[in-house]
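The figures that follow rest on heavy atoms only: side chains count, while hydrogens, waters and symmetry mates do not.
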Amino acid sequence: MTNTQTSTTDDTVGPADTDVTSPAERLVLEMWRTPVYQADCSGAADHLPRLRKLVLAADEADRRAADSGRATVIRSSQTLLAWDHPSVDWLREQIGMAGDALARAVLGETADEIDDRDVHTEAWAVVCRPGEFPRPHTRHDSAWSGLLSIAADSDGDTDAGHLYLLDPRPAALDRATSAGAVRFSPVPGRMIAFPGWQAHWIKATAADSRLRIAIAWNITYHGHWSRTS
């Protein structure tokens with residue numbers, strides 16, 4: 001890299017004006033990184049059975065109310081965090097921890113300036129039965145999105161219910177320099193979170209698979225924090 005010199009008022013050139021690049025200027029930048037959060041949530045063993053029961057009760061109510069054109073993947077309303085239950089309080093705390101960790105990874109100490117009033121969080125349940133799966137999608141209007149696995153009964157299909165994150169670099173895919181996607185196992189109690197623009201999907205369950213239950217969520221920021229991710 002060559003420095004552009006600025007002439008002094010008397011047009012003299014001193015030692016400080018020599019065309020030498022110092023080591024500090026030889027930068028290797030990490031640009032457009034994709035932060036991904038992964039954590040096995042403390043307390044999951046106590047709260048997951050309760051969340052499963054709540055989700056399946058809501059799922060059954062949704063199914064009774066559904067018409068014949070409803071999508072095969074059942075989602076609860078996005079007001080899950082408003083449910084009055086200690087396990088929902090625990091879930092809200094786990095989501096907050098994920099959002100805080102991602103914000104700090106991007107903003108550093110500046111993340112401390114985010115006020116709780118600037119943060120809006122929503123969550124909903126996703127129940128995948130045999131052969132059902134959400135298609136690849138993004139949540140582009142959110143800063144952060146995530147998925148907490150609630151139940152993932154084991155069976156012979158080792159890929160069923162796995163979360164896939166697509167490599168966001170189109171050129172890498174075109175040149176076959178990327179595997180295309182990163183796979184995350186549906187371990188109950190494991191939280192995976194990522195920027196809302198990150199394309200993702202859940203691998204379809206096999207015809208003989210048991211159901212998978214997860215809770216999906218979004219975090220959005222108000223005001224000048226809206227561009228965080």
Side-chain angles (χ1 to χ4, degrees), residues 37-41 43-96 98 121-139 141-142 144-166 181 183-194 196 198-219:
Y37 172 91
Q38 176 177 302
D40 293 324
C41 299
D46 293 329
H47 293 285
L48 295 188
R50 301 168 188 170
L51 287 171
R52 174 177 177 144
K53 185 176 180 180
L54 289 171
V55 166
L56 289 179
D59 174 35
E60 182 61 28
D62 280 350
R63 279 181 169 263
R64 286 198 302 265
D67 58 30
S68 59
R70 186 180 178 88
T72 57
V73 177
I74 304 303
R75 296 177 14 150
S76 72
S77 67
Q78 293 180 237
T79 60
L80 187 152
L81 294 180
W83 296 357
D84 184 15
H85 194 282
S87 293
V88 175
D89 296 337
W90 171 83
L91 170 65
R92 190 183 301 109
E93 180 181 5
Q94 303 308 311
I95 294 173
T121 307
E122 61 183 5
W124 61 97
V126 180
V127 180
C128 295
R129 287 184 168 77
E132 301 174 348
F133 68 102
R135 297 187 181 280
H137 59 285
T138 65
R139 304 177 196 159
D141 54 348
S142 302
W144 311 115
S145 297
L147 198 74
L148 173 66
S149 181
I150 301 299
D153 299 326
S154 60
D155 55 33
D157 186 351
T158 57
D159 285 340
H162 282 67
L163 172 69
Y164 283 78
L165 302 185
L166 181 67
R183 186 183 73 172
F184 294 88
S185 301
V187 177
R190 179 166 295 173
M191 180 81 79
I192 307 294
F194 41 85
Q198 173 66 58
H200 60 282
W201 71 93
I202 298 175
K203 176 70 162 53
T205 54
D208 58 349
S209 297
R210 300 178 182 179
L211 60 80
R212 261 61 170 191
I213 302 173
I215 291 177
W217 54 266
N218 293 332
I219 288 178

> Within the 4.5 Å heavy-atom criterion, are Ser149 and Val187 side-chain neighbours or not?
no

> Sequence neighbours left out, what passes side chain to side chain contact (heavy atoms under 4.5 Å, CB included) with Glu93? Give chain and number order.
Met97

> Can His200 and Tyr164 be said to form a ring-ring contact (aromatic ring centres under 6.0 Å, His included), step by step?
CA-CA 5 Å; His200 60 282; Tyr164 283 78; over 10 Å; no

> OG/Ser185 to CD/Gln38 distance, rounded to the nearest 0.5 angstrom?
8.5 Å

> Evaluate the side-chain proximity of Leu81 to Ile95: yes if any heavy-atom separation is below 4.5 Å, no if none is.
yes

> About how many Å separate CH2 of Trp201 and OG1 of Thr138, when rounded to the nearest 0.5 Å?
13.0 Å

> Roughly how far apart are Gln198 CD and His137 NE2, rounded to 0.5 Å?
11.0 Å

> Can you give me the closest heavy-atom contact between Leu163 and Phe194, atom names plus distance?
CD2-CE2, 4.1 Å

> With sequence neighbours excluded, tell me which residues meet salt bridge (Lys or Arg N to Asp or Glu O under 4.0 Å) with Asp84.
none

> Answer whether the closest heavy-atom distance between the side chains of Trp217 and Ser145 falls below 4.5 Å.
no

> Side-chain contact, heavy-atom cut-off 4.5 Å: Thr121 with Asn218?
no

> Output, in order, the C-alpha distance, side-chain angles, deciding distance and verdict of side chain to side chain contact (heavy atoms under 4.5 Å, CB included) for Leu91 and Leu80.
CA-CA 10 Å; Leu91 170 65; Leu80 187 152; 3.5 Å; yes

> Could you give the distance from CD (Gln94) to CG (Asp40), rounded to the nearest 0.5 Å?
11.0 Å

> What's the spacing between Phe184 CZ and Leu147 CG if we round to 0.5 Å?
11.0 Å

> How long is the straight-line distance from NE2 of His162 back to CD1 of Ile192, given to the nearest 0.5 Å?
11.0 Å

> Search all heavy atoms of Met191 against all heavy atoms of Cys41 and return the closest pair with its distance.
CB-SG, 3.8 Å

> Let's go through Arg212 and Ile202 carefully: what are the C-alpha distance in whole Å and the side-chain angles of both, what is the deciding distance for side chain to side chain contact (heavy atoms under 4.5 Å, CB included) to 0.1 Å, and is it a yes or a no?
CA-CA 10 Å; Arg212 261 61 170 191; Ile202 298 175; over 6 Å; no

> Angle between ring planes, His47 versus Trp90, binned at 30° and 60°: parallel, tilted or perpendicular?
parallel

> Assess the residue pair Val126 and Ile215 against the criterion (side chain to side chain contact (heavy atoms under 4.5 Å, CB included)); give the C-alpha distance rounded to whole Å, side-chain angles, the decisive distance to 0.1 Å, and a yes or no.
CA-CA 6 Å; Val126 180; Ile215 291 177; over 6 Å; no

> Please assess Ile219 against Ser142 for the test side chain to side chain contact (heavy atoms under 4.5 Å, CB included), listing each intermediate value before the final yes or no.
CA-CA 6 Å; Ile219 288 178; Ser142 302; over 6 Å; no

> Not counting sequence neighbours, which residues clear side chain to side chain donor-acceptor pair (under 3.5 Å) with Asp46? List them please.
none

> Looking at every heavy atom in both Ala44 and Pro49, which two are closest together, and how far apart are they?
O-CD, 4.1 Å

> Please tell me if the side chains of Val55 and Arg52 come closer than 4.5 Å, counting only heavy atoms from C-beta onward.
no

